[in-house]
Trainee: 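One structure, as C-alpha cells, below. Some questions next.
As the structure lists them, so they are numbered: ligands from 1, and atoms in each ligand from 1. For reference, positions follow the sequence shown, starting with 1.
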Amino acid sequence: MEHSSGPLNLCHVLTKSIIINRTHMLVHATALSALIYYRASFFFSESKSRDRATTLACLTMFLAELGLSFLWLLSQAFRWRPVRRTAFPKRLPEDKELPPIDVFVCTADPDKEPTVNVMNTVVSAMGLDYPPEKLHVYLSDDGGSTLTLHGTREAYDFARWWLPFCKRYGIKTRCPKAFFKEEEDGEGIGMSSENEFGSGKKIVKEKYELFKERVNKYRKRHRGDSSHTGRDHPPTIEVIRGNVPDEVMQAHQDPMPKLIHVSREKRPSHHHHFKVGALNVLLRVSGVMSNSPFILVLDCDMYCNDPSSVRQAMFFHLDPRLSPSLMLVQFPQMFHNISENDIYDSKIRRYFSTCCVGMDGLKGPILSGSCSYIKRESLYRKPMQEGFDLMDLKKLFGHSNEFIRYLWQKEKPNRNTIAGDSAALMKETQVLTSCGYENGTNWGQEVGFMYNSVVEDYFTSFTLHCKGWTSVFYTPSKPQFLGTATTNLNDMLIQGMRWYSGLSRVGISRFCPLIYGSSRMPILQSMCYAEVSLLPLYCLPICCFATIPQICLVNGISIYPEVSSSYIMLFAFIFLSSLCKHLYEVVTSGHSVQTFLNEQRIWMIKSTTCYVYGTIDAIMTQIGMRTASFLPTNKVDDDEQSKRYEMGIFDFQTSIMFLSPMVTLVILNMASFTGGVARVLTLGGFDKLFMQIALSFFVLVMSYPVIEAMVLRTDKGCIPRSVTMLSAFLSLVLLLLGSSFLM
Ligand SMILES: O=c1ccn([C@@H]2O[C@H](COP(=O)(O)OP(=O)(O)O[C@H]3O[C@H](CO)[C@@H](O)[C@H](O)[C@H]3O)[C@@H](O)[C@H]2O)c(=O)[nH]1
Ligand SMILES: [Mn+2]
C-alpha cells in the first residue's frame with residue numbers, strides 16, 4: 001500500500017552506540033572474568049590466613065558478585081543493536097485507503113481514577129486525526145459504575161462541541177484539560193480572544209466547565225447509592241448517543257467517531273483477570289461491532305497528546321516489508337506530571353530509552369500495556385497461520401457464531417462497522433461480556449491477551465514474540481501520549497510490587513524466558529525478556545552488598561583485597577566502569593547527572609523493598625498460597641505530596657513494611673561506617689578494611705534523603721520516630737546475628 005515511491009519508514013542502526021556498547025561489554029566482561037578468577041583462586045589456594053568467617057563471607061560475596069554479573073550479562077542484550085526509526089508522512093496512503101481503528105480505554109475505579117480525567121482521555125481518543133467513520137472508541141468500565149456511564153454520555157455531548165472546534169482551528173492538543181491548561185499557562189496558539197477563535201474558545205470552555213460540573217454533581221448526588229460493587233455487577237453495553245437530544249445539536253452535524261461504553265459482567269464466583277480480562281471482553285465486543293484490524297490500547301489516564309499518532313503507527317503497519325509479521329507499534333509511555341528533578345525515577349527512563357530502543361533492533365519491544373497500536377489478528381493466530389475448522393474455532397474462541405463469523409477480517413476489512421445497535425447485536429454482546437463466556441475456551445491461554453500474570457502486557461507480547469510476531473518501537477519528537485506517573489514513594493512502591501510480582505511470576509514459571517523463549521526466539525531477544533522478568537532478583541546481591549561487608553567491617557574481617565594489592569584496582573575498575581556506563585547512557589539520552597543519581601538511588605530503594613516483596617509475592621502466588629491482585633494505581637493528587645515532589649523532597653509516608661528494610665539497612669551502614677572508622681583508628685588495619693569503609697560510605701552518600709528524613713526532618717513526609725527505633729533495633733539484631741554466625 002505504498003503511496004508514492006520509497007518506503008514509509010526507515011530503520012537506522014545506531015553505529016556509534018553499538019561500537020561504544022560492544023567495546024564496553026568486552027572490557028567489562030574481561031574485568032569480570034578476572035574478578036571471578038580472583039575469587040575462585042582464593043578458595044582453591046592453600047592460604048593459612050583463611051579462617052571460617054572469612055571463607056563464609058567471601059563465599060557469599062562471590063555468589064552475590066556472580067548474581068550481579070549474570071544480570072549484567074543479560075542486560076547487554078539491550079545494548080547489542082540499538083536502532084532508531086524515522087517515517088515519511090507524505091507517503092501515507094489517502095484517507096479512503098486507511099484501515100479502521102478501535103480504541104480500547106480501560107478504567108476500573110472512579111475513586112482512584114477521577115471520571116473527568118478518564119473522559120479527557122476518551123475525548124482525546126475521539127479527537128484522533130483520522131476519518132471519524134473509521135474510528136471507534138470503546139470504554140471498558142470494570143467498576144460497573146453508573147457515574148462512569150453518565151460521564152461517558154456527558155463526554156459525548158461535550159465532544160460534539162469540542163471536535164468541530166479542534167478541526168476548525170487546527171488544534172493539536174485534543175485533550176481538553178491539557179488544552180485549557182496550555183491556554184492558561186500562555187503556551188496556547190496565542191490568538192487574541194477578540195477574534196473568531198477567541199469566541200469559539202469561550203464557548204467550548206463554557207461547555208467544558210458545564211460538563212465537569214454535571215459529572216461532579218452526579219458523583220455527589222449518587223455517591224454510595226449503587227446496588228452493585230466493582231466485583232459484582234451485570235453487563236451493560238451502550239452505544240453512546242449523549243444526553244442531549246439530537247435536534248438540540250443541529251449546529252454540530254459533523255460525523256463523530258462512535259463511542260461505546262462496555263461494562264462486563266463480574267461475579268465473585270468467576271475470576272475476572274483484572275485489566276487483561278477487560279481487554280479480552282473488549283476484543284470480543286468490538287469483534288462483532290466494528291472489528292477493526294488495528295487496536296489502540298490506552299490506560300484511562302493516558303490521553304492522546306498528538307492526534308497524528310494513529311497515522312504514525314500506520315507508517316509501520318502498512319509497510320509491506322514489516323506488516324506480515326508485525327503485531328504492534330509501541331510508543332513510549334510519557335507522563336505529564338514529572339518534575340524537573342524526578343526523584344522517584346517516575347519516567348522509567350532506562351526502560352523506554354535503553355531497553356525498548358535495544359529490543360527494537362532485535363525482534364521488537366515488549367508491549368507496554370498502553371500507547372500501542374496492536375494488530376487484531378496477532379491476538380488470534382500465528383503470523384500467516386491458515387486452516388482452522390469451525391470446531392477448533394469454537395474451542396479456541398467460545399460458542400458465539402457471530403464473533404467467529406467476523407474473526408478473519410482480513411478478507412474483507414471493515415465489513416461490520418456499527419450500523420446501529422440492533423436488538424440482535426446487543427443480545428450477542430451481552431453473551432460475549434458475560435462472565436461465564438470464557439469457560440472451556442482458550443481465551444487468555446492461546447488467544448487474546450494472556451492471563452497468568454498481572455503484567456499482562458509483558459506476558460502477552462512474550463507469547464506473541466514466541467509465536468513469531470515482531471514489534472516496532474517508535475519515538476517521534478512530540479510525545480504521542482501523556483499519562484499520570486506515580487509521584488510519591490508509596491504509590492511507586494505499591495505499583496512496583498505488582499509489576500515485579502507479575503514479572504517474577506513469569507520468570508519462575510515454565511515460561512521462564514531463558515528456557516521457554518530461547519528455543520522460540522533469537523537468544524538475544526530471550527535475554528532481554530529474561531532480564532526484565534528477573535530484574536527483581538537484583539534484591540539478592542544488593543541486600544548482600546548492603547549487609548555482609550558492613551557486618552564484616554565491624555568484626556574486622558577483610559573480604560576485599562588490600563589497598564596495596566593490585567587486585568584492588570580490579571574491583572575499583574568494575575565499580576567505576578558500570579557507574580560510568582550508566583552515566584553515559586543517562587547523559588546521551590538527554591538527561592542530567594542528577595537523573596543518574598536519582599536512578600541509582602531508586603534502584604537501591606527498589607532492591608530492598610518492592611523487588612523483595614514482589615519476588616516473595618510471586619513465589620507465594622505460584623505455589624498457591626496467595627491469589628494475584630491488581631489494585632489500580634492511585635491517580636488523584638494529594639496537594640501536599642505533590643508540592644514535596646515538585647520541590648524534590650522525598651515523601652516517606654508509606655507503610656512500615658516498605659520503610660523498615662530500607663531504614664534498617666541505612667542504620668546498619670551508619671553503624672558499620674562509624675564502627676569501622678573507629679576500629680582502624682584505634683586498632684589499625686586500614687589497608688585491609690579500606691574497601692569496606694568506602695562501600696559503607698557510598699551507601700550512606702546515596703541514602704542521604706533517608707538519613708535526612710530520619711534525623712533532620714520533622715514534616716509530614718519524614719520517617720516516623722517509631723520506624724527509626726524499630727529499624728535501629730532490627731539493624732542491631734542483624735549485626736549481632738551476623739557476627740555470631742561468622743564467629
Ligand atoms: O481490574 C482492573 C484493574 C485495572 N484496570 C485498568 O488498567 C489500567 C492500568 O492500571 P494502572 O492502575 O494505571 O496500573 P499501572 O501500573 O500504572 O499500569 C502499567 O502496568 C500495567 C501492568 O501491570 C499495564 O497494564 C499498564 O498498561 C501499564 O501502564 C488502568 O486504566 C485501570 O483502570 C482495569 O481495567 N481493571
Ligand atoms: Mn497507570
Trainee: Starting from atom 27 (O) of ligand 1, which protein heavy atom do you reach first, and at what distance in Å?
Mentor: Lys275 NZ, 2.8 Å
Trainee: Gly502 near ligand 1, heavy-atom distance under 4.0 Å?
Mentor: no
Trainee: Among all the protein's non-hydrogen atoms, which is closest to atom 31 (O) of ligand 1, and how far away is it?
Mentor: Cys106 O, 2.6 Å
Trainee: So which protein heavy atom does atom 30 (C) of ligand 1 come closest to, and at what separation?
Mentor: Glu113 OE2, 3.6 Å
Trainee: I'd like to check Asn280 versus Tyr451 (side-chain heavy atoms, cut-off strictly below 4.5 Å). Are they in contact?
Mentor: yes
Trainee: Specify the protein heavy atom at minimum distance from atom 17 (O) of ligand 1: its residue, its atom name, and the distance to 0.1 Å.
Mentor: Gln495 NE2, 2.8 Å
Trainee: What's the shortest heavy-atom distance between Arg231 and His270, and which atoms?
Mentor: NH1-O, 4.3 Å
Trainee: Nearest to atom 19 (C) of ligand 1, what protein heavy atom do you find, and at what distance?
Mentor: Trp499 NE1, 3.7 Å
Trainee: Could you tell me the separation between the NZ atom of Lys275 and the CZ atom of Phe630, rounded to the nearest 0.5 Å?
Mentor: 6.5 Å
Trainee: We want to know whether Gln333 and Ser368 form a side-chain donor-acceptor pair, criterion being a heavy-atom distance below 3.5 angstrom.
Mentor: no
Trainee: Establish, for the pair Arg284 and Trp443, whether the NZ or CZ atom is under 6.0 angstrom from the six-membered ring centre and no further than 45 degrees off its axis.
Mentor: yes
Trainee: Compute the centroid of each ring, for Trp162 and then for Phe179, and state whether the two points are separated by less than 6.0 Å.
Mentor: yes
Trainee: Give yes or no for whether the N/O distance cutoff of 3.5 Å, strictly under, is met between Val454 and ligand 1.
Mentor: yes
Trainee: Does Lys347 form a salt bridge (Lys or Arg N to Asp or Glu O under 4.0 Å) with Asp342? I'd like the steps, not just the answer.
Mentor: CA-CA 7 Å; Lys347 244 185 206 166; Asp342 190 18; 5.1 Å; no
Trainee: With heavy atoms of Thr107 as the reference, note each atom of ligand 1 found under 4.0 Å away.
Mentor: 33 (O), 35 (O)
Trainee: Between Ser290 and Tyr138, is there a side-chain donor-acceptor contact under 3.5 Å, judged purely by atom types and distance?
Mentor: yes
Trainee: Among all protein heavy atoms, pick out the one at the shortest distance from atom 10 (O) of ligand 1; state its residue, atom name and that distance to 0.1 Å.
Mentor: Phe630 CZ, 3.5 Å
Trainee: Quick one: look at Ser368 and ligand 1, take heavy-atom pairs under 4.0 Å, and tell me if it's side chain, backbone, both or neither.
Mentor: backbone
Trainee: Between Tyr516 and Arg520, is there a cation-pi geometry (under 6.0 Å to ring centre, at most 45° from the normal)?
Mentor: yes
Trainee: Under 4.0 Å from a heavy atom of Glu456: give me the atoms of ligand 1 that qualify, with their elements.
Mentor: 22 (C), 24 (C), 25 (O)
Trainee: Dump the intermediate steps for side chain to side chain donor-acceptor pair (under 3.5 Å) on Lys181 and His336, then the final yes or no.
Mentor: CA-CA 12 Å; Lys181 185 163 184 304; His336 59 81; over 6 Å; no
Trainee: Kindly determine whether Arg153 and Glu238 satisfy salt bridge (Lys or Arg N to Asp or Glu O under 4.0 Å), including the steps that lead there.
Mentor: CA-CA 10 Å; Arg153 293 181 190 142; Glu238 182 173 318; 2.9 Å; yes
Trainee: How does Thr486 reach ligand 1, by side chain, by backbone, by both or by neither, if only non-hydrogen atoms under 4.0 Å count?
Mentor: neither
Trainee: List the closest protein heavy-atom neighbour of atom 13 (O) of ligand 1: residue, atom name, distance to the nearest 0.1 Å.
Mentor: Lys635 NZ, 2.9 Å
Trainee: Provide the number and element of each atom of ligand 1 under 4.0 Å from a heavy atom of Gly369.
Mentor: 27 (O)
Trainee: Under a 4.0 Å heavy-atom limit, does Asp299 contact ligand 1 with its side chain, its backbone, both, or neither?
Mentor: both
Trainee: Which residue and non-hydrogen atom of the protein lie closest to atom 24 (C) of ligand 1, and at what distance in Å?
Mentor: Asp457 OD2, 3.3 Å
Trainee: Which bit of Asp142 is near ligand 1, meaning a heavy atom under 4.0 Å away: side chain, backbone, both or neither?
Mentor: side chain
Trainee: Suppose I only count heavy atoms of Thr633 and a 4.0 Å limit; which atoms of ligand 1 are within that range?
Mentor: 11 (P), 12 (O), 14 (O), 15 (P), 16 (O), 17 (O)
